Structure formats: C-alpha cells, structure tokens
Engineer: 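Structure below; questions to follow.
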Amino acid sequence: MKTTELTVQLPEDEARILETYAKEHALSLSELLARFAQRLRSAPGAPHLADIQFTGAIPTNLNAREEHRQHLERKHR
C-alpha cells in the first residue's frame with residue numbers, strides 16, 4: 001500500500017489524548033488514524049469527506065492533563 005506523510009497540528013491536550021490512547025491499545029498514531037479513516041470510509045451511509053466534522057471526536061469535558069497523569073501513574077506502578 002502506498003503511504004504518504006501527513007503533518008497535523010492539534011492542541012497539545014488533544015495530541016496527548018491520542019498518544020495515550022494509541023499507547024494503551026498498542027498502536028502507533030499512524031495506525032490509530034488509519035483505523036479511524038477506514039471506519040469513516042466503511043460506515044453505512046458514510047458522508048462525503050467534505051461533510052465530515054470532527055467536532056466532538058474527543059469529549060469536551062475530558063481533562064487531558066488528568067487522563068495523562070493517570071496513564072503515567074498506571075504505567076509506572
């Protein structure tokens with residue numbers, strides 16, 4: 001499969017959440033995003049890419065610093 005390099009700029013908290021999720025599920029960020037894209041493409045009634053909104057992909061009430069702290073605490077037990 002042909003691949004391409006992609007640079008994404010995210011707020012620091014959201015980037016940490018993605019990194020933490022990927023680590024906890026033994027995935028690279030590339031694998032995590034590729035799986036997300038595959039789900040978007042294969043979803044029943046999948047919207048055209050221009051219609052996709054990523055708002056709400058990460059809950060707004062999520063405390064990223066606290067999630068990251070808890071992750072590190074579990075990791076270093």
Side-chain angles (χ1 to χ4, degrees):
M1 172 191 315
K2 183 178 176 183
T3 62
T4 187
E5 187 171 326
L6 178 66
T7 301
V8 178
Q9 293 184 353
L10 299 170
E12 197 172 301
D13 289 346
E14 279 77 7
R16 275 198 217 112
I17 290 169
L18 292 173
E19 290 169 345
T20 300
Y21 183 91
K23 272 186 183 176
E24 288 177 351
H25 292 85
L27 298 169
S28 69
L29 282 174
S30 295
E31 290 170 319
L32 177 64
L33 294 173
R35 287 182 181 192
F36 181 67
Q38 289 169 355
R39 284 188 180 177
L40 288 175
R41 184 176 44 225
S42 64
H48 185 271
L49 286 179
D51 299 329
I52 295 173
Q53 294 181 2
F54 291 96
T55 303
I58 299 173
T60 57
N61 64 344
L62 184 69
N63 183 334
R65 290 187 192 278
E66 180 62 20
E67 289 291 323
H68 187 64
R69 186 194 65 73
Q70 289 175 5
H71 161 73
L72 292 175
E73 192 175 277
R74 286 190 304 271
K75 179 180 175 182
H76 296 288
R77 282 186 185 166

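Just the heavy atoms: all of them, side chains too, but no hydrogens, waters or symmetry mates, feed the values below. Quantities reported herein were computed from a predicted structural model and do not represent experimental measurements. Residue numbers start at 1 and run along the sequence shown.
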Engineer: Do you know which two heavy atoms are closest between Leu27 and Glu31, and how far apart they sit?
Structural biologist: CA-OE1, 3.3 Å
Engineer: How long is the gap from NZ on Lys23 to CG on Leu32, to the nearest 0.5 Å?
Structural biologist: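 These two atoms lie 13.5 Å from each other.
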Engineer: Listed by chain and number, what are the salt bridge (Lys or Arg N to Asp or Glu O under 4.0 Å) partners of Arg77, not counting sequence neighbours?
Structural biologist: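 Not a single residue meets the salt bridge (Lys or Arg N to Asp or Glu O under 4.0 Å) criterion with Arg77.
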Engineer: Less than 4.5 Å apart, side chain to side chain, heavy atoms only: is that true for Glu24 and Arg74?
Structural biologist: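 The answer is yes, as the side chains (C-beta and beyond) meet within the 4.5 Å cut-off.
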Engineer: Tell me the closest heavy-atom pair linking Leu10 and Leu18, and the distance in Å.
Structural biologist: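 So the two residues come closest at CD1-CD1, 3.5 Å.
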Engineer: Is it true that Leu6 and Leu33 fall in one hydrophobic cluster, defined by side-chain heavy atoms closer than 4.5 Å?
Structural biologist: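 No.
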Engineer: Would you please name every residue forming a side-chain hydrogen bond (donor to acceptor under 3.5 Å, both in side chains) with Glu73, sequence neighbours left out?
Structural biologist: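 Per chain and number, Glu73 pairs via side-chain hydrogen bond (donor to acceptor under 3.5 Å, both in side chains) with Arg69.
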Engineer: I'd like to know if Arg16 pairs up with Glu12 as an ion pair, taking the criterion as any Lys NZ or Arg NE/NH1/NH2 lying under 4.0 Å from an Asp or Glu carboxylate oxygen.
Structural biologist: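 Yes, Arg16 and Glu12 are salt-bridged.
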Engineer: In this structure, are over 12 heavy atoms from other groups packed under 6.0 Å from Glu66 atom CD?
Structural biologist: yes
